[in-house]
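Each remark here refers to the structure printed beneath this line.
In the text below, chain A, chain B and the rest are named by the order of the sequence lines, each starting its count at 1.
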Amino acid sequence: MNFILSIWRQASPEAKGKMVKYKMSNVSEETSLLEMLDMLNEKLTLKDEEPVAFDSDCREGICGSCSLVVNGRAHGPGKLTTSCQVFMRSFTDGQTIHLEPYRSAALPVIKDLVVDRTSLDRIIQSGGYISAHSGPKPEPNSVPIGYDELEESMDAAACIGCGACAAACPNGSAMLFTAAKIGHLGLLPQGQPERSSRAKAMVQQMDDEGFGACTNYAECQDACPKGISIKFIGRMNKDFAKAMLCDELDPRGSMDAN
Amino acid sequence: MNKLTQFYGTAVGKKFVVAVTGIMMAGFLVMHMIGNLKAFAGATKLDAYALYLRDIGQDMFGHETVLWIARIGLVVAVVAHIFTIVLLVKQNHKARPVKYHVKKSFVSTFPARMMRVSGLLLLIFIIVHIAQFTFGEWLSTPFEEGKVYSNISHAFGSGWLPWFYVFMMFIVCIHLCHGLWSFFQTLGIDNPDRNKLLRGLAIVVSLVLFIGFSAVPVAFATGLIGVAK
Ligand code: HEM
Ligand code: FES
């Protein structure tokens with residue numbers, strides 16, 4: 001198969017980037033999109049040109065490193081898939097394929113197709129944890145968990161933190177990511193002690209990082225390689241509102257008797 | 001207060017304000033539409049209804065008190081809704097400083113993508129509408145306070161004004177097709193088990209509002225009802 005690639009090239013975070021066209025010929029349809037980029041980079045290196053920088057690690061759809069916007073779609077054609085799991089058979093021969101980095105103020109481009117996703121890490125650091133004792137391992141069945149809660153929590157835990165939700169959202173919002181993390185821990189008994197503080201801290205951090213707000217377009221859910229539902233966004237909103245409006249500000253304060 | 005300002009300081013808090021003020025306005029629209037349909041019962045009934053609005057709760061709170069509370073509540077809702085939207089839209093623009101070369105949407109609905117456009121048109125409509133039927137501006141015939149039926153009959157009897165109203169009611173319908181469902185989603189009331197029901201409810205209520213509101217200008221424009229010219 002033959003393709004014309006139109007790729008975002010940007011030398012550094014400050015540099016002005018532009019779309020650059022490359023021709024690729026004789027690509028087999030079993031080639032993955034990232035393998036084709038490897039082939040392109042080999043060609044570029046042999047010509048003494050700067051190879052295209054892009055992220056990948058596992059190349060089997062589980063790590064969330066790969067982060068391409070392919071022809072206007074985060075992670076490319078198809079549903080429930082990551083960029084590394086896109087194969088050239090999903091395109092037509094001779095097609096122009098546009099490859100762009102994620103676009104969100106909170107996910108700035110480092111180089112070419114690589115974006116800085118530490119903003120997502122900072123959201124997790126702000127509250128995406130539970131307190132567990134570090135002594136001997138507890139008896140696994142000592143904390144009962146309902147089957148439905150467990151499964152629902154696991155649905156949210158499937159989030160690989162790739163950031164495609166923010167890339168797909170017209171508002172550059174990472175609500176699906178944050179909601180998945182809050183939902184994952186908030187549904188489990190181990191996550192209850194920090195449930196309120198977690199919702200408060202993570203929602204605040206998301207804004208501080210410069211992510212947008214939600215307009216309920218549901219583009220994030222469609223782009224999510226793990227099929228995480230926007231119901232978790234509703235759940236996060238509820239948790240957050242409860243933490244902010246219903247929890248006492250000063251539970252240990254004193255009250256006057258006269 | 002501290003809690004509230006902190007809450008409003010976040011995107012999620014602002015969304016709550018948009019959703020709650022939105023549903024307040026939508027609730028008002030349902031009442032308003034039911035009231036308007038009194039036009040089909042004739043001049044006496046409609047004018048009496050307009051007087052009745054001023055009398056609600058009169059025995060307990062005094063003349064027009066409840067009406068004014070409702071009016072103030074609505075103005076606050078409209079202002080808070082729009083003010084908050086402006087803040088959110090600003091935040092959203094800042095969050096996507098560089099646009100995609102290939103820009104596509106996959107699942108977002110047309111009404112959802114039109115929220116800002118339909119909302120802006122609604123704002124214009126609200127101003128025109130209040131100027132016309134509350135203050136009597138921009139009408140071709142003299143406006144007589146309290147003579148609701150004859151006022152609207154003259155306004156809608158001919159020309160393009162009734163069709164402007166019908167168009168604007170279509171915009172209301174578009175705004176609420178997404179807005180009403182959005183309310184449930186934003187407040188975390190929606191769930192996979194009731195998603196179809198709530199999506200459907202939003203569309204049905206929006207259509208009922210469109211048809212119910214449009215019926216009055218259409219009936220006057222086509223001469224089905226109205227005062228003799
Ligand atoms: C009759 C008047 C109006 C009603 C009944 C109404 C109702 C609603 C409702 C129920 C929502 C959904 C809230 C949510 O996201 O959960 C909404 C959202 C919205 N409204 Fe309105 N609205 C009205 C007027 C306006 C006006 C005048 C504007 C703009 C100037 C506006 C702009 C918007 C926008 C942009 C959204 C989307 C918010 C977002 O999620 O980002 N609306 N409206
Ligand atoms: S490289 Fe690991 S998910 Fe794509």
What donor-acceptor contacts under 3.5 Å connect chain A and chain B, backbone and side chains included?
from, atom 1, to, atom 2, distance (Å)
A/Asn71, O, B/Lys104, NZ, 3.2
A/Glu100, OE1, B/His101, N, 2.7
A/Glu100, OE2, B/His101, N, 3.2
A/Glu100, OE2, B/Val102, N, 3.1
A/Arg103, N, B/Tyr100, OH, 2.9
A/Arg103, O, B/Arg96, NE, 2.6
A/Arg103, O, B/Arg96, NH2, 2.9
A/Ala105, N, B/Ala95, O, 2.7
A/Ala166, O, B/Arg96, NH2, 3.1
A/Ala167, O, B/Arg96, NH2, 3.0
A/Ala167, O, B/Tyr100, OH, 2.8
A/Cys169, O, B/Arg96, NH1, 3.3
A/Cys169, O, B/Arg96, NH2, 2.7
A/Asp207, OD1, B/Gln91, NE2, 3.2
A/Asp207, OD2, B/Ala11, N, 2.7
A/Phe211, O, B/Gln91, NE2, 3.0
A/Ala213, N, B/Asn92, OD1, 2.6
A/Cys214, O, B/Lys15, NZ, 2.9
A/Thr215, O, B/His178, NE2, 2.8
A/Asn216, ND2, B/Ser182, OG, 2.6
A/Asn216, ND2, B/Thr186, OG1, 3.2
A/Tyr217, OH, B/Arg116, NH2, 3.2
A/Glu219, OE1, B/Phe106, N, 3.1
A/Glu219, OE2, B/Phe106, N, 2.9
A/Glu219, OE2, B/Val107, N, 3.2
A/Glu219, OE2, B/Ser108, N, 3.0
A/Glu219, OE2, B/Ser108, OG, 2.9
A/Ile230, O, B/Gln185, NE2, 2.9
A/Asn237, ND2, B/Thr186, O, 2.9
A/Lys238, NZ, B/Gly188, O, 3.1
A/Leu245, O, B/Lys3, NZ, 3.4
A/Asp247, O, B/Lys3, NZ, 2.8

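- Annotation: B/Phe170, atom CZ; neighbour count of heavy atoms from other residues, nucleotides and ligands within 6.0 Å does not exceed 12.
- For A/Met19, the CE atom sits in a packed shell: over 12 heavy atoms of surrounding residues, nucleotides or ligands are nearer than 6.0 Å.
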For this session: Before giving the answer on side-chain contact (heavy atoms from CB on, under 4.5 Å), spell out for B/Leu4 and A/Leu245 the whole-Å C-alpha distance, their side-chain angles and the decisive distance to 0.1 Å.
Result: CA-CA 7 Å; B/Leu4 284 180; A/Leu245 303 177; 3.7 Å; yes
task = Give the intermediate values and the outcome of ring pair (Phe, Tyr, Trp, His ring centres under 6.0 Å) for residues B/Phe16 and A/Phe240.
result = CA-CA 11 Å; B/Phe16 263 77; A/Phe240 179 71; 8.0 Å; no
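- For A/Ala166, the part sitting under 4.5 Å from any heavy atom of chain B is the backbone (N, CA, C, O) and nothing else.
- Interface summary for chain B: among A/Ala223, A/Ala218, A/Gly210, A/Ala241, the most heavy-atom pairs under 4.5 angstrom belong to A/Ala241.
- Within 6.0 Å of CZ on B/Phe83 lie no more than 12 heavy atoms contributed by other residues, nucleotides or ligands.
- No part of A/Leu107 comes within reach of chain B, as not one of its non-hydrogen atoms sits under 4.5 angstrom from that chain.
- In this structure B/Leu207 satisfies the side chain to side chain contact (heavy atoms under 4.5 Å, CB included) test together with B/Cys173, B/Ile203, sequence neighbours excluded.
- Here the closest heavy-atom approach between residue A/Gly212 and residue B/Ala95 is recorded as N-CB, 3.2 Å.
- In terms of heavy-atom pairs under 4.5 angstrom with chain A, the leader among B/Gly13, B/Ala11, B/Pro192 is B/Ala11.
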